[in-house]
Amino acid sequence: MATCPYCKNKVKPKDAYIVWSKTGKTKKCYCDEECYKGTNPSPRVLLTDYIQEYYIEQGFDKTLIPWKLITAQLKNIEKDKTFNDTSILYILKYMVNIEGISLLQNSENGSVLNLVEFYYIQAKEHYKQTKEIENAIEDFNFDEEKTVTIKSCFNKNRLKYKEENFD
């Protein structure tokens, strides 16, 4: 019996939600996915979970995801210190949800991370604009008063009718 690190309940390994470490040598057994997600996972876990969900949504088998290629690309992308796991996750979400890009069109040429560096500036600008809009909404003063203006046109410019005879 294993103990769930989140809720401390006993769980059978065959019924557990298993999460392997980065090295693949150790594992943690959670009661279910809710317990796992409730443990405030690291940014790397959130990023790899998003990538895995994307591959599965696109019809890939969980075991066929090219993790060696993906982790190698992550290391290369993060070398220049411009990117971290959170920024890469945001850029991927921007590419999929805002730009509508299919990240696996040419899956034989690589992984979902191929275009991250090219969309960095666009994603950054989108993030800034979103934050500006959020701040503007927070700063906006919503008055509860309603003003109703009634215009009356009584006795103004009365229309005069002229009767015509069409005999």
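Only heavy atoms go into these numbers, but all of them, side chains included; no hydrogens, no water, no symmetry mates.
Within the cation-pi definition used here (under 6.0 Å to the ring centroid, within 45° of the axis), Lys93 qualifies as a partner of Tyr50.
One finds the CG atom of Asn84 at 11.0 Å from the CG atom of Leu74 (value rounded to the nearest 0.5 Å). Between atom CD1 of residue Ile121 and atom NE2 of residue His126 there is a gap of 16.0 Å, rounded to the nearest 0.5 Å. For the atom pair Phe118 CZ and Met95 CE, the distance stands at 10.0 Å (nearest 0.5 Å). Here NZ of Lys124 is found 9.0 Å from OG1 of Thr82. Values are rounded to the nearest 0.5 Å. Residue Tyr30 holds its OH atom at 12.0 Å from CD1 of Ile18, rounded to the nearest 0.5 Å.
Tyr127 shares a hydrophobic cluster with Tyr90; the chain of contacts runs through ILVMFWY side chains whose heavy atoms sit under 4.5 Å apart.
When the side chains of ILVMFWY residues are joined at heavy-atom separations under 4.5 Å, either directly or via intervening members, Ile56 and Ile101 end up in two distinct hydrophobic clusters. Cluster annotation: Val11 is not connected to Met1 through the hydrophobic network of ILVMFWY side chains, with a link wherever side-chain heavy atoms come within less than 4.5 Å.
Taking 4.5 Å as the limit, every side-chain heavy atom of Tyr55 sits out of range of all side-chain heavy atoms of Lys62. Within the 4.5 Å cutoff, no side-chain heavy atoms of Ile65 are placed close to those of Tyr54. Annotation: side chain of Thr3 is not in contact with side chain of Asn9 (no heavy-atom distance under 4.5 Å). For the pair Leu92/Val96, no side-chain contact is recorded, criterion being any heavy-atom separation below 4.5 Å from C-beta on. You'll find the side chain of Glu125 stays beyond 4.5 Å of the side chain of Gln122, heavy atoms only.
Although no hydrogens or angles enter the test, the distance criterion places no donor-acceptor pair under 3.5 Å between the side chain of Asp61 and the main chain of Leu64.
With no hydrogens or angles considered, a side-chain donor-acceptor pair links Glu99 and Tyr94 at under 3.5 Å.
Residues Glu117 and Ile77 share a closest heavy-atom pair of OE2-CG1, 3.8 Å.
For the ring-ring contact (aromatic ring centres under 6.0 Å, His included) test, residues two or more places apart in sequence or in another chain that qualify with Phe83 are Tyr120. Residues satisfying the side chain to side chain contact (heavy atoms under 4.5 Å, CB included) criterion with Glu78, sequence neighbours excluded, are Arg44, Asp85, Ile88.
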